[in-house]
Q: 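Take a look at this one; I'll ask things after.
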Amino acid sequence: MHRWSKLFIPTLREAPTDAEVASHKLLLRAGYVRQLGAGIYSYLPLGQRSINKIIAIVRDEMDKIGQEFLLPALNPAEIWQESGRWTGMGDNMFRLKDRKGAELCLAMTHEEVMTSIARNELRSYKQLPQIWYQIQTKFRDEPRPKSGLLRVRQFTMKDAYSFDIDESGLDESYNKHDRAYRAIFTRCGLEFVAVEADSGAMGGSQSQEFMVYTEAGEDLIASSRDASGNVIYAANLEKATSTLTPIHDLAPTGDGLPELVHTPGKASIADVTAFFGIHASQDIKCVAFMGSRSAAATTDPLRPVVAFLRGDHQVNETKLNTIAGTADLRPMTPEELALHIGGPAGFLGPVGIPQTMTQGSLNGLNSGKALDKLKGVLRDIPSEGLRTIVVMDLGLQNRTNLVAGANKLDFHFRNVTPGRDFTPTLTADIRKINEGELDPIGNQPLRLGKAVEIGHIFKLGYKYSKSMGASVLDKDGKEVTPIMGSYGIGIERILTAAIESSAARFAATNSTNSGAPSSPTASSSAKVGSQDTTPQYALPPAIAPFEVVITITNVREPALLEAGETLAADLDRAGIDVLLDDRDERAGVKFKDAELIGIPYRINIGKKLAEGQIELVDRLLRTTTDHPLASIAEHLKSLLAASKQ
RNA sequence: CGGGGCGUAGCGCAGUCUGGUAGCGCACCUGGUUCGGGACCAGGGGGUCGGAGGUUCGAAUCCUCUCGCCCCGACCA
C-alpha cells in the first residue's frame, strides 16, 4: 500500500507549452516524466511504476519462448564495422571515443552483439534453435525527436534475436514471436493491428509491424475487421489496395476511334464530366511530375513521370515512386508539360505522348519490377533514360471508350481505349485508397488513419550471421550458417499509445455527449480558472501505476480516515495495487489529481460513509456507483480480474 | 539539413518596438478561515532576464556571435 502523502507525484496544473500531443501533456502534468533534453526524459516514480508493469508483462511472455540477456549499450566499433553498419547507420548512431582514442558507439539495436555471442559459443545444430532477448536502453540520434515519449533519443526496447538451423526453424521462431506479441499487447490493454511490412531487399523475407491507431502517430495505415472484430486486412497506406468497384464503360460513338471534341474552357474533371454527362470514373485523369531517379546521381536531369488514373482516383506518390524508380516528385511546370506531353494543363491526355520506348525495353519494364532494378535498360540506352515514364493505374486496365484530354487547348477525345490508343510504359497500382473502400481480402470497409508502431518482427535471414561469421555443424558435420530473426518492442511506446488511445476515446465521447460549455467571455477574465484543455484519460489496469486510488475526501474526519486506512489495507492484502490519498487537501484537488494520473478505478470515501456506503468511480466505463463498504473489495477484485481476462 | 517560433522565478506569461536596474497568475513557506470538483484573507521566500562579447553614464530591452528547446518539412527505426 502506498500513501500519496509520502510519494513524489509532482502534478502540474498547467502543461509546459512545449507539449503538443496529448500523451506528452499528460505525462508531464501527471508527474510521470520530466524532460532533460531534446528526446531525453527522466522517468519519475509514477512513470517508472508503469514502465515496470509493462516490462513485467513483456518479460513474462518472452520467458515462455526465450531467454533473457543483458547486453552492453556501449559497443566497440569493430563489431559494427564487421556487419557494415558502422557506416550504414550514418548520423543516427551516437559515437564516442575513449581515452585511448578507440572508437565506440551507443548501440541502436543489438544484432551485432548477439551475433558475436552466437558465433563464439554456438557450435552444433543441437544447440539450436535459440531465442535470446533483452530489455534495455537504446540510443538513436534522431534527426528530430518529438511528441514526448513517442520519438526520443534514448528509450527502452525489448529486442529479441532468433537463431535457427534452417528456414522452417525461422518460421517457427517468427510465429512464436507473433503469438507472444499479440499476447503482450492484449494484456497491456491495447487495440492493435499487425501490418505486413515487407521490408524490401535487406535480407528480409517477411516482416510485420504492430500498430496502434492514434493521431499522434507518424505512419499511415489502412485496416479492416470482420464482424467479430478480428483484423482481416491491414497495410501501410503506401501499399494498401482496395477492391475496385465495377465501372460501366461508355458505348463507342461514331467509328469508335478517338474523336476530337471541342471543350472550350472545360479544364477540370468536374467540368469535363458535366460537359459530357459522364461519371468521373469514365474520364482519364492525368497527373504529371518531374522526379529524380532514385538511383541516379543528383546532377542527372529530372525525369518526367506521367500518371494516368480514373478521374475519381488520386495518385499515391509513394506507390508511383516505387514502381517508376523515382523520388522527390514535383508537378511539371507549363513549359515541361508542353515539352514532355505536348498539351496544356486541363487538357492533358495519354494519346500521342512522345514516348518511344523500344519493344525490348518495354518487355523488361512490363515485368513489374521497379525501373531501377532493370539496370540494363535505361543505363545502356541513355537517351531512353530521358523518355517520359507513362504509368497507368490498374483502374484503367481493360477499360474502353474513355474521355481524355487531347493535349490541345480546349479539346478532349472520346472513345479512348488503353492499349489500342496508347501504351503505357508501366501498368501498376498507383492509386491512393480512401476511407470506407472495401479491402481486397474480405471486402470489409477500410479504416484509414495515423498509427504508431509499438513492435516489429522481422525475418533477418543471413545478413549478420554471414557477415560476422557465425556457423554451426549440422547433422552431417557440415558447416552451416544459422538463419536469424529480429524482434523489437518499444516499451515507452506502449505507455504512450495507451494514453493516446484513451484520451482519444474520452475526447470522442465528450464532444458527442455534452454541448461544449466553452464561454469565451468567462474564460477571458480567468486565465487559470478557464476550461481545462488537457485531455482526460485512464490507463488499462494492467499498466497503470496503481490499479485503484482511495480518495479520502476529508482526512480530518477520523471516521473517513480510518475507513480509508482499513480498506486500503484490505485491498493490499487482496493483492490489489492500491494508492491511498491521505493528503490533507480539499476533495476537489484530490479528485482532479486522481484523474490526472490516470488510475482506472477510484473509491471515494466521504459523506455516504455514514450510511455504510462508498462510491466507486470506474474511469474506463465512466460510471459512478455506490457500494456497501463491506463488499467493495470483492467487487473490485472481480472487476480487475475481468479486465485482465 | 531547410523554413518558422521561443528562451524573463518550479509552471504559464507580461515587460523588449521607444534603454533608466524586473512584474502578474499558479505553485511554495507562515498564520487564520474554509473543507465533495483545482477555496479565501493576511504576510513571506524565490529570478546570473539561456550564454559570451560589444555599444552606452546606464542593457531583459540595441548590435554581433553562440547555446538550447518547440513546431512544419526533409531524413529515418
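A, B, ... follow the sequence lines: proteins, then strands. Residue 1 opens every chain. These numbers come from a predicted model, not from an experiment.
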Q: Side chain of A:Lys607: nearest nucleotide among B:G36, B:C11, B:C76?
A: B:G36
Q: If you measure from the C1' atom in B:G5 to the same atom in B:G47, how many Å do you get, rounded?
A: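 These two C1' atoms come out 24 Å apart once rounded.
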Q: Given the side-chain rings of A:Phe210 and A:Phe185, with only the six-membered ring counted for Trp, is the space between their centroids under 6.0 Å?
A: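 For A:Phe210 and A:Phe185, the ring centres are under 6.0 Å apart.
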Q: May I ask which nucleotide in the shown strands pairs with B:G31, Watson-Crick or G-U wobble, both distances under 3.5 Å?
A: B:C41
Q: Does A:Lys176 have any side chain to side chain donor-acceptor pair (under 3.5 Å) partners at least two apart in sequence or in another chain, and if so, which?
A: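 So A:Lys176 forms no side chain to side chain donor-acceptor pair (under 3.5 Å) with any residue.
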Q: With rounding to whole Å, what would you report as the distance between B:A39 and B:U21 at their C1' atoms?
A: 37 Å
Q: Considering only atom C1', compute the distance from B:G10 to B:C75 and round it to an integer number of Å.
A: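 It works out to 36 Å between them.
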Q: For A:Pro16, report the nucleic acid contact type (base, sugar-phosphate, nothing); a contact means any heavy atom under 4.0 Å.
A: sugar-phosphate
Q: State which residues pass salt bridge (Lys or Arg N to Asp or Glu O under 4.0 Å) with A:Glu191; sequence neighbours excluded, sorted by chain then number.
A: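 Partners of A:Glu191 by the salt bridge (Lys or Arg N to Asp or Glu O under 4.0 Å) criterion come out as none, since no residue qualifies.
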Q: Nearest to the side chain of A:Asn604, which nucleotide is it out of B:A74, B:G36, B:A39?
A: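 Given the options B:A74, B:G36, B:A39, the side chain of A:Asn604 is closest to B:G36.
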Q: Could you give the CD-to-C1' distance, from A:Glu142 to B:C75, as a whole number of Å?
A: 10 Å
Q: How far does the C1' atom of B:U18 sit from the matching atom of B:C13, given to the nearest Å?
A: 22 Å
Q: Between A:Thr109 and A:Glu615, which has a closest nucleotide on RNA chain B that is more 5'?
A: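 Its nearest nucleotide being more 5', the pick is A:Glu615.
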Q: Should B:G12 form a Watson-Crick or G-U wobble pair with both distances under 3.5 Å, which nucleotide is its partner?
A: B:C24
Q: Which class fits the ring pair A:Phe458 and A:His456: parallel under 30°, tilted 30 to 60°, perpendicular over 60°?
A: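 Taking A:His456 first and then A:Phe458, their aromatic rings sit tilted (interplane angle of 30° to 60°).
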Q: My understanding is that a pair needs two contacts under 3.5 Å, Watson-Crick or G-U wobble. By that rule, which nucleotide pairs with B:G36?
A: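 Checking every strand shown, B:G36 finds no partner, since no pair has both distances under 3.5 Å.
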Q: Quick one: A:Leu44 CG to B:G10 C1', roughly how many Å, whole number?
A: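 Distance check: A:Leu44 CG to B:G10 C1' gives 13 Å.
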Q: Mind calculating the distance between CZ (A:Arg330) and C1' (B:G73) to the nearest angstrom?
A: 18 Å
Q: Roughly how far apart, to the nearest Å, are B:U16 and B:C6 at atom C1'?
A: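 B:U16 and B:C6 have their C1' atoms separated by 14 Å.
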Q: In the structure shown, which nucleotide is the Watson-Crick or G-U wobble counterpart of B:G2, with both distances under 3.5 Å?
A: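 Per the H-bond distance test, B:C72.
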Q: If pairing requires Watson-Crick or G-U wobble contacts with both distances under 3.5 Å, which nucleotide is the partner of B:G7?
A: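 Per the H-bond distance test, B:C67.
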Q: Classify the side chain of A:Glu14 versus the base of B:G10 as yes if they form a donor-acceptor pair under 3.5 Å and no if they do not.
A: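 Donor-acceptor pair under 3.5 Å: no.
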Q: Would you verify whether the NZ or CZ of A:Lys138 falls within 45 degrees of the ring axis of A:Phe155 while also being under 6.0 Å from that six-membered ring's centre?
A: no
Q: Roughly how many Å apart are B:G37 and B:G44, using the C1' atom of each and rounding to a whole number?
A: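 After rounding to an integer number of Å, I get 30 Å for this pair.
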Q: Check whether any side-chain nitrogen or oxygen of A:Arg13 sits under 4.0 Å from OP1 or OP2 of B:A27, and answer yes or no.
A: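 Checking B:A27 against A:Arg13, a side-chain N or O does come within under 4.0 Å of OP1 or OP2.
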Q: Hey, could you give me each pair passing salt bridge (Lys or Arg N to Asp or Glu O under 4.0 Å) that has a residue in residues 551-563 of chain A? Not counting sequence neighbours.
A: A:Arg556-A:Asp584
Q: How long is the line joining NZ of A:Lys592 and P of B:G38, in whole Å?
A: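 Atom-to-atom, A:Lys592 to B:G38, this comes out as 7 Å.
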Q: Can you name the residues that form a side chain to side chain donor-acceptor pair (under 3.5 Å) with A:Lys432, not counting sequence neighbours?
A: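 Side chain to side chain donor-acceptor pair (under 3.5 Å) list for A:Lys432, sorted by chain: empty.
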Q: Between A:Gln536 (CD) and B:G38 (P), how many Å, whole number?
A: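 Whole-Å distance recorded here is 13 Å.
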Q: Could you tell me the Watson-Crick or G-U partner of B:U61, where both distances fall under 3.5 Å? Say none if there is no partner.
A: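 For B:U61, the partner nucleotide comes out as none, under the 3.5 Å rule.
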Q: Would you call A:Arg182 and A:Asp178 a salt bridge, using N to O less than 4.0 angstrom?
A: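 Yes.
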Q: From the set B:G38, B:G25, B:C76, return the single nucleotide nearest to any side-chain atom of A:Leu596.
A: B:G38
Q: Kindly write out the residues that satisfy salt bridge (Lys or Arg N to Asp or Glu O under 4.0 Å) with A:Arg505, not counting sequence neighbours, or none if the list is empty.
A: none
Q: Could you measure between the two C1' atoms, the one in B:G58 and the one in B:A74, and give it in whole Å?
A: 47 Å
Q: Taking atom C1' of B:C76 as reference, at what distance in whole Å does atom CG of A:Asp219 sit?
A: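 After rounding, the reported distance stands at 11 Å.
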Q: At 4.0 Å (heavy atoms only), tell me whether A:Glu218 reaches a base, stays on the sugar-phosphate, or touches nothing.
A: nothing
Q: Students often get this wrong, so: under 4.0 angstrom with heavy atoms, is A:Asp593 touching a base, only sugar-phosphate, or nothing?
A: base
Q: Who does B:U48 pair with, Watson-Crick or G-U, both distances under 3.5 Å?
A: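 The answer is none; no pair meets the criterion.
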Q: Does the pair A:Glu585/A:Lys592 count as a salt bridge with the N-to-O cut at 4.0 Å?
A: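 A salt bridge is absent here (no side-chain N lies under 4.0 Å from a carboxylate O).
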Q: Measure from the side-chain heavy atoms of A:Glu595 and tell me the nearest of B:C26, B:C75, B:G37.
A: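 Looking only at side-chain atoms, A:Glu595 lies closest to B:G37.
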Q: Mind checking A:Arg583 for me? I need base, sugar-phosphate or nothing, with any heavy atom below 4.0 Å counting as a touch.
A: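 Here A:Arg583 touches no strand at all.
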Q: Using the side chain to side chain donor-acceptor pair (under 3.5 Å) criterion, which residues pair with A:Thr625? Sequence neighbours excluded.
A: A:His627
Q: Find the distance A:Asp141:CG to B:C1:C1' and express it as a whole number of Å.
A: 13 Å
Q: With rounding to the closest Å, how many angstrom separate the P atoms on B:C69 and B:U8?
A: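 Taking atom P in both B:C69 and B:U8, they lie 14 Å apart.
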Q: What salt bridge (Lys or Arg N to Asp or Glu O under 4.0 Å) pairs are there with at least one residue in residues 483-502 of chain A, not counting sequence neighbours?
A: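 Every candidate salt bridge (Lys or Arg N to Asp or Glu O under 4.0 Å) pair involving residues 483-502 of chain A fails, so no pair, neighbours aside, qualifies.
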Q: Give me the distances for all protein-to-nucleotides 42-44 of chain B N/O pairs that come in under 3.5 Å?
A:
none

Q: Provide the full list of salt bridge (Lys or Arg N to Asp or Glu O under 4.0 Å) pairs with a residue in residues 86-96 of chain A, sequence neighbours left out, each pair given once.
A: none
Q: Looking at residues at least two apart in the chain, or sitting in another chain, which of them share a side chain to side chain donor-acceptor pair (under 3.5 Å) with A:Trp132?
A: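 Partners of A:Trp132 by the side chain to side chain donor-acceptor pair (under 3.5 Å) criterion, ordered by chain and then number, come out as A:Gln130.
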Q: List the steps, then state whether salt bridge (Lys or Arg N to Asp or Glu O under 4.0 Å) holds for A:Lys463 with A:Glu111.
A: CA-CA 10 Å; A:Lys463 180 170 156 56; A:Glu111 280 83 358; over 6 Å; no
Q: For nucleotides 66-72 of chain B, give me one character per nucleotide, 5' to 3': B if any protein heavy atom sits under 4.0 Å from the base, S if the only such contacts are to the sugar-phosphate, - if neither.
A: ---SSSB
Q: Quick one: A:Asp91 CG to B:C1 P, roughly how many Å, whole number?
A: 9 Å
Q: Any N/O pairs under 3.5 Å between the protein and nucleotides 28-35 of chain B? List them or say none.
A:
unit_1	atom_1	unit_2	atom_2	d
B:U34	O2	A:Arg586	NH1	2.7
B:C35	O2'	A:Asn554	ND2	3.1
B:C35	N4	A:Arg556	NH1	2.9

